[in-house]
Amino acid sequence: MTANRKPRVLVTREVFDETLDYLRQHCEVIDNQGDRPYAPEALGKALAACDGLMCSLTDRVDAALLAAAPNLKAVANIAVGYNNIDVTACTVRGVMATNTPGVLDDSTADLAWTLMLGAARRITEVERRVRTGEWTGWRLKQWLGVDVHHATLGIIGMGRIGQAIARRAVGFDMKVIYHNRKPIQPELERKANASYVAFDALLAQSDFIVLQVPYSPATHHLIGAAQLVKMKPSAILINSTRGGVVDDAALIAALKNGTIRAAGLDVYENEPKLNPEFLALDNVVLAPHVGSSTEATRQAMAMLAAKNLVAALKGETPPNLLNPEALRG
Ligand code: DGY
């Protein structure tokens, strides 16, 4: 980048006007307000003369793409999860990679709770029955759900979002247990009112199991047939993190044969082409990857990504740098 030229950045998907306004103060911006996702090859071509990339989880940033973008200095993901980015490949090329932690914790925790409550009280199923005219009046044993209050909540993955989910359980008088790579600090455990347990103990004891681990080869199919049979037949499984953490075919079998009671899902393997068998099941609440999707939170995510990108292109260390090693060498 020469001293008198603004860095050129590509924004792969539609963002908010304020995000573009901020970027344009510092950069020459190629936007995509029409929101047509780039095919990988087209993305490589569009990026050929760019210094920066602002992307989303629908864009794959891998070695091949980086090879097509020799001037690239920074990649800013508009998401906290970054399994769409090959961070190692970025580091090898000295490309900084950033994500958007922190600003979406509460909204994502709210959505996990929406799925818990929705699955427990069968809310999408009964709403459908109202809409189709199937509801003809009150009955004592009508579409019975299960209680969330006083139940045991098991959280797998106790980062910031997991802790925000746990804190909400206080008002429901729940017992909260969690499993993580290692226990969180005692002070955070106290705030979350949660106790560390072994993975299998969590599967066996929880009435609600919420998955909040990032997706990686290590967490691929963390929950499959072998784990589902260890859960209570009354258990409700919530996946509000990433598709692939759950083996969806195994979950469908478990929901069909009563291995567990129900599920609430915001994410899927191969989304948006989710396994069509989910659509035929009443005991699953299905959301379209909207965990962080409130106006305020998505604006904050996009702005944080923009600030990361601008900082990186100014030669500063961006606030949410994933690969500080990229700066060495
Ligand atoms: C994230 O930030 O990882 C979310 O899944 C995006 O909505």
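These values consider heavy atoms only, across backbone and side chains, with no hydrogens, waters or symmetry-generated copies.
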Heavy-atom closest contact (Val210 atom, Ile165 atom, distance):
CG1-CD1, 3.8 Å
Return the set of residues passing salt bridge (charged side-chain N to carboxylate O under 4.0 Å, His left out) with Glu18 (not counting sequence neighbours), or none when no residue passes.
none
With heavy-atom distances below 4.5 Å as the criterion, would you say the side chains of Leu228 and Ile223 are in contact?
yes
Heavy atoms, side chains only, cut-off 4.5 Å: are Val75 and Tyr82 in contact?
no
Under 3.5 Å, is there a donor-acceptor pair between the Gln212 and Ser240 side chains?
yes
CD/Glu295: more than 12 non-hydrogen atoms of other groups inside 6.0 Å:
no
State, yes or no, whether a side-chain contact exists between Asp86 and Arg60 at a heavy-atom distance under 4.5 Å.
yes
If you round to the nearest 0.5 Å, how far is CD1 of Ile177 from CG of Leu202?
4.5 Å
With the side chain counted from C-beta on, respond yes when Lys232 and Asp207 share a heavy-atom pair under 4.5 Å apart, and no when they do not.
yes
Is the shortest side-chain heavy-atom distance between Thr58 and Asn84 below 4.5 Å?
no
Ignoring hydrogens and angles, tell me if any N or O in the side chain of Asn99 forms a donor-acceptor pair with the backbone of Val80 under 3.5 Å.
yes
So, taking the atom named CE in Met116 and the one named CG in Leu153, what distance separates them when rounded to the nearest 0.5 Å?
5.0 Å
From Met301 atom CE to Leu104 atom CG, the distance as rounded to the nearest 0.5 Å
4.5 Å
Cationic N near anionic O, under 4.0 Å, Arg8 to Asp51:
no
Could you tell me which non-hydrogen atom of Val197 sits nearest to which non-hydrogen atom of Ala201, and how far apart they are?
CB-CB, 4.2 Å
Evaluate the side-chain proximity of Asn193 to Val176: yes if any heavy-atom separation is below 4.5 Å, no if none is.
no
Quick check: closest heavy atoms across Ala235 and Ile260, and the distance to 0.1 Å?
O-CB, 3.5 Å
What heavy-atom pair brings Asn77 and Thr100 nearest, and what distance separates the two atoms?
O-CG2, 3.4 Å
Do Arg128 and Glu125 pass the salt bridge (Lys or Arg N to Asp or Glu O under 4.0 Å) test, and can you show the C-alpha distance, the side-chain angles, and the key distance before you say yes or no?
CA-CA 5 Å; Arg128 200 164 49 245; Glu125 176 197 349; 6.0 Å; no
Is Asn323 reaching over with its side chain to a backbone N or O of Val95, donor-acceptor style, under 3.5 angstrom?
yes
By salt bridge (charged side-chain N to carboxylate O under 4.0 Å, His left out), which residues pair with Lys175, not counting sequence neighbours?
none
Decide salt bridge (Lys or Arg N to Asp or Glu O under 4.0 Å) for Arg168 and Asp106; before the verdict, give the C-alpha distance in whole Å, the side-chain angles of both, and the deciding distance to 0.1 Å.
CA-CA 10 Å; Arg168 284 156 172 72; Asp106 284 316; 3.1 Å; yes
Nearest 0.5 Å, what's the CD1-CE distance between Ile30 and Met54?
13.5 Å
Below 4.5 Å, heavy atoms only, C-beta onward: do Leu10 and Leu43 meet side chain to side chain?
yes
Quick check on side-chain contact (heavy atoms from CB on, under 4.5 Å): which of Leu72, Leu322, Leu66 does Cys90 satisfy it with?
Leu66
Intermediate values then yes/no, side chain to side chain contact (heavy atoms under 4.5 Å, CB included), Thr259 and Met231:
CA-CA 8 Å; Thr259 304; Met231 296 177 191; over 6 Å; no
Look at atom CZ of Arg121 and say whether more than 12 heavy atoms of other residues, nucleotides or ligands are closer to it than 6.0 Å.
no
What closest approach, in Å, do Ala76 and Leu309 show between heavy atoms, and which atom pair accounts for it?
CB-CB, 3.9 Å
Considering all heavy atoms, the nearest Ala79-Leu57 contact:
CB-CD2, 4.2 Å
Taking the basic N atoms (NZ, or NE/NH1/NH2) and the acidic carboxylate oxygens, is any pair closer than 4.0 Å for Asp282 and Arg122?
no
For the CD atom on Glu134, are there more than 12 heavy atoms of other groups (residues, nucleotides or ligands in this structure) within a distance under 6.0 Å?
yes
Can you tell me if CG on Asp35 sees more than 12 non-hydrogen neighbours from other groups inside 6.0 Å?
yes
Using distance alone, with no hydrogens and no angle criterion, decide if Tyr178 and Gln163 have a side-chain donor and acceptor under 3.5 Å apart.
no
Of Leu274, Asn275, Asp247, which is the lone residue that meets side-chain contact (heavy atoms from CB on, under 4.5 Å) with Glu269?
Asp247
Residues, nucleotides or ligands: over 12 heavy atoms within 6.0 Å of Asp173 CG
yes
So, taking the atom named SG in Cys55 and the one named CG in Leu47, what distance separates them when rounded to the nearest 0.5 Å?
9.5 Å
If you draw a 6.0 Å radius around CH2 in Trp143, do more than 12 non-hydrogen atoms from other residues or ligands fall strictly inside?
yes
Got a second to check how far Phe278's CZ is from Asp248's CG, nearest 0.5 Å?
4.0 Å
Let's go through Val15 and Gln33 carefully: what are the C-alpha distance in whole Å and the side-chain angles of both, what is the deciding distance for side chain to side chain contact (heavy atoms under 4.5 Å, CB included) to 0.1 Å, and is it a yes or a no?
CA-CA 7 Å; Val15 291; Gln33 293 300 82; 3.9 Å; yes
